[in-house]
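Computed from heavy atoms alone, side chains included, the values below leave out hydrogens, waters and symmetry copies. Every chain is numbered from 1 and lettered A, B, ... according to where its sequence line falls, protein lines coming before strand lines.
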2 protein chains.
Amino acid sequence: MARAKFSTSSEAVNTIFYEAIPLFAQSGFNGVSMRHVATAVGISIATLYHHFPDKQTLYLRCIEEAFANKAGGLSEVLTKQSSPEEQLKHFIYRFTCLMAEDDNFRRLFQRELLDGDETRLQVLAKDVFQIQFKGITDLAQTLAPQCDSHMMAISMAGLVLFHLETTPIRQFLPGGRAEHNDPEFIAEHVTKLLLNGVMKCGND
Amino acid sequence: MARAKFSTSSEAVNTIFYEAIPLFAQSGFNGVSMRHVATAVGISIATLYHHFPDKQTLYLRCIEEAFANKAGGLSEVLTKQSSPEEQLKHFIYRFTCLMAEDDNFRRLFQRELLDGDETRLQVLAKDVFQIQFKGITDLAQTLAPQCDSHMMAISMAGLVLFHLETTPIRQFLPGGRAEHNDPEFIAEHVTKLLLNGVMKCGND
DNA sequence: GTCTATATACCGATAGAC
DNA sequence: GTCTATCGGTATATAGAC
């Protein structure tokens, strides 16, 4: 019998999450084998199966773990500021930084949009995003009462996320520069665009 | 010897593309086996390998094929209209319809953003998107000369694509309604947002 | 809690006949 | 151009010892 690497089960499980989440975020469900995960953790496949009944369950628990850790940070983003414009500016800046600093979360989310079945997306929407998304629609409602706040909330999040999502290819597209990947630069561009529209975007 | 299903090699190859592209778009490179493709086409694995040397090459040729078919459609989108506002409105509408009607193309693009290595993204940018993207930056330059046209072009495309990308989860988020998935509805929302900004988005 | 060993299935890829 | 048969490797998952 090999010496126990972890003294408690939850210690082992946490280490498995720590190693597996970046792997799944990087290569996706089908791109990561139980062997990969076990090797990364430094345990055998059998031990991995001792902690999780199957690969599907391991993956889902990783998703839950990665998203649960993020829900708290998203809540802080929507604190009240003086004016609606300040609220928007503050939200975009914090949201951009939060998404930029955690590629794992962002990539897992993108992968779920592509591969998640209806049940999984429903759980994700209800249990992880609902409260935060409601906060964004409320902000949109304050800023533009005459507008569809659901569409506006999607637009606000999408502007930020698409800039981050396209980071690896933008350097090869006309006009792409390194500073375009700076969260502060992205946040400033998105805020100006949202506040003024495309025609007056360069003005302050 | 089995009777020949296809009379020419290119006929077989085209049928392989026709079956393989939706499979790769749906499940990704690692989610589709050569067996799956061969079965979908109605040929054996060995026959598939007669037409493509390996799986990697098949996948890359599928990407090229799917994207080549789209490049033409994107060119038409940037025809000159009377005013810059009309140009923008026309571009957003055509771009939205084009992306909405071809899930395969859009999903393959999203997957490449997640999984494509630097070489593949460079080829994609230079050979597929460069000309079209240059057209969008030119439009952005016309609309907002004082603005970073690269950032603005990304924002314009991102607004449309993120609405399409989040279609499967939006129905579970607060305020989500079926008509939010209508390309015309999306195009109208995005156009208004770009032209007026968030504060005046509901006005015409 | 961890291991070795193994069952079973599928993977990508090839050989060689027709 | 297409097939059957097969190779070597890896996948998920389990059995059973310690």
Side-chain angles (χ1 to χ4, degrees), chain A residues 1-65 111 115-117 120, chain B residues 1-65 111 115-117 120:
Chain A
M1 170 188 169
R3 195 182 142 274
K5 186 183 176 85
F6 305 107
S7 44
T8 65
S9 179
S10 76
E11 192 188 336
V13 166
N14 283 335
T15 307
I16 292 168
F17 284 149
Y18 181 81
E19 296 291 339
I21 286 173
L23 286 175
F24 282 130
Q26 187 59 44
S27 307
F29 180 82
N30 289 311
V32 178
S33 69
M34 295 298 265
R35 262 183 173 77
H36 293 150
V37 176
T39 303
V41 178
I43 57 177
S44 69
I45 299 179
T47 304
L48 186 53
Y49 274 97
H50 173 77
H51 294 290
F52 297 92
D54 52 38
K55 186 185 176 184
Q56 177 80 11
T57 303
L58 169 61
Y59 180 72
L60 289 175
R61 297 273 285 107
C62 283
I63 300 266
E64 286 171 22
E65 185 74 9
R111 290 194 184 282
D115 299 326
D117 60 30
R120 237 154 70 190
Chain B
M1 169 188 167
R3 193 181 143 278
K5 189 183 175 82
F6 304 107
S7 44
T8 66
S9 179
S10 77
E11 192 188 336
V13 166
N14 283 335
T15 307
I16 292 169
F17 285 148
Y18 181 81
E19 296 292 338
I21 286 174
L23 285 174
F24 282 129
Q26 188 59 43
S27 306
F29 180 81
N30 289 312
V32 178
S33 69
M34 293 298 266
R35 277 176 172 74
H36 292 152
V37 175
T39 303
V41 177
I43 57 177
S44 70
I45 299 179
T47 304
L48 186 51
Y49 274 97
H50 173 76
H51 293 291
F52 297 92
D54 53 38
K55 187 186 178 185
Q56 177 80 10
T57 303
L58 169 61
Y59 180 71
L60 289 176
R61 297 271 286 110
C62 283
I63 300 265
E64 286 171 21
E65 185 73 9
R111 290 194 184 281
D115 299 326
D117 60 27
R120 236 155 67 190

- Query: Can A:Ser33 and A:His36 be said to form a side-chain hydrogen bond (donor to acceptor under 3.5 Å, both in side chains), step by step?
  - Reply: CA-CA 5 Å; A:Ser33 69; A:His36 293 150; 3.3 Å; yes
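In this structure, CZ of B:Phe6 is placed 6 Å from P of D:dT2, rounded to the nearest angstrom. A:Phe52 places its CZ atom 12 Å from the P atom of C:dG1, with the value rounded to the nearest Å. Note: CD1 (B:Ile43) to C1' (D:dG1) measures 10 Å, nearest angstrom.
Contact annotation: A:Thr47 does not reach the phosphate of C:dG1 (side-chain N/O to OP1 or OP2, under 4.0 Å). Distances shorter than 4.0 Å separate some side-chain N or O of B:Ser9 from OP1 or OP2 on D:dG1. Contact annotation: B:His50 does not reach the phosphate of D:dT2 (side-chain N/O to OP1 or OP2, under 4.0 Å).
Listed for the B:Lys55 side chain is no donor-acceptor partner under 3.5 Å among the backbone atoms of B:Asn30. Judged by distance alone, with hydrogens and angles left aside, the side-chain atoms of B:Arg35 form no donor-acceptor pair with the main-chain N or O of B:Ile45 at under 3.5 Å.
Below 30°, between 30° and 60°, or above 60°: for A:Phe24 and A:Tyr59 the angle between ring planes is above 60°, a perpendicular geometry.
Residue A:Phe6 holds its CZ atom at 10.0 Å from OG1 of A:Thr47, rounded to the nearest 0.5 Å.
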- Reading nucleotides 10-15 of chain D from the 5' end, what letters show protein touch, with B for base, S for backbone sugar-phosphate only, - for no heavy atom under 4.0 Å? -BBBBB
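Each of D:dG1, C:dC3, C:dG1 was ranked by its minimum atom distance to the side chain of B:His51; first place goes to D:dG1.
Pairs of residues two or more places apart, or lying in two chains, never qualify as side-chain hydrogen bond (donor to acceptor under 3.5 Å, both in side chains) while including a residue from residues 12-28 of chain B.
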